[in-house]
Amino acid sequence: MAQRYSSFDKGGRMWLLQRITAAFLLVVLAFHFFLLHFVHHADEVSFLMSAGRMETMSYYSLMVLFLLTATFHGVNGVYNALVNQGLTGTKRTVIKWTLVAASVVLIVQGIRTANAWAGIPLY
């Protein structure tokens, strides 16, 4: 039987971070669906932009925090799922660094998009 490694089994810091990010994402998505279904704005982005919320630093920070949280939660979950399939050694290292590189690209593009929505110049 292959030895399995998971940050979820240990109940340590990564396990706790995975649970915290899941809770945060659920709260933000609940807010998103509340706006879409009960405020009756078909286009949430235009509602938020017209309300001037995109220009405030607090809403911009929430967007970036959501991006970072979703990226961590997804990448950590995928990594643990793949490692639990029995990958070891070089394959495990390659998968880890591929996920890290993909995360960096996703975060950079997400922040560029948030900057564009908030009207912050792209340098």
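Source: prediction; values computed, not measured.
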If you compare all heavy atoms of [X] against all heavy atoms of [Y], which two are closest, and at what distance to 0.1 Å?
X: F66; Y: F24; answer: CA-CE2, 3.8 Å
X: V94; Y: T98; answer: O-OG1, 2.7 Å
X: H73; Y: A22; answer: CE1-CB, 3.5 Å
X: I111; Y: L67; answer: N-CD2, 3.7 Å

In the hydrophobic cluster built from side-chain contacts under 4.5 Å, what are the other members alongside [X]?
X: V108; value: V104
X: V100; value: W97
X: V27; value: none

- Item | Spacing of L106 atom CG and L68 atom CG [to the nearest 0.5 Å] |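 Answer rounded to 0.5 Å: 9.5 Å.
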- Query: How far does CG of L17 sit from CG of N76, to the nearest 0.5 angstrom?
  - Reply: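 Nearest 0.5 Å value for the CG-CG distance: 8.5 Å.
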- By side-chain contact (heavy atoms from CB on, under 4.5 Å), which residues pair with S103, not counting sequence neighbours?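 S103 satisfies side-chain contact (heavy atoms from CB on, under 4.5 Å) with T71, V75 once adjacent residues are dropped.
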- Task: Kindly write out the residues that satisfy side-chain contact (heavy atoms from CB on, under 4.5 Å) with I95, not counting sequence neighbours, or none if the list is empty.
- Result: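 In terms of side-chain contact (heavy atoms from CB on, under 4.5 Å), with neighbours along the sequence ignored, I95 is linked to Y79, L82, L87, L99.
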- Task: Identify, with sequence neighbours excluded, every residue that meets side chain to side chain donor-acceptor pair (under 3.5 Å) alongside T69.
- Result: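 Here no residue qualifies.
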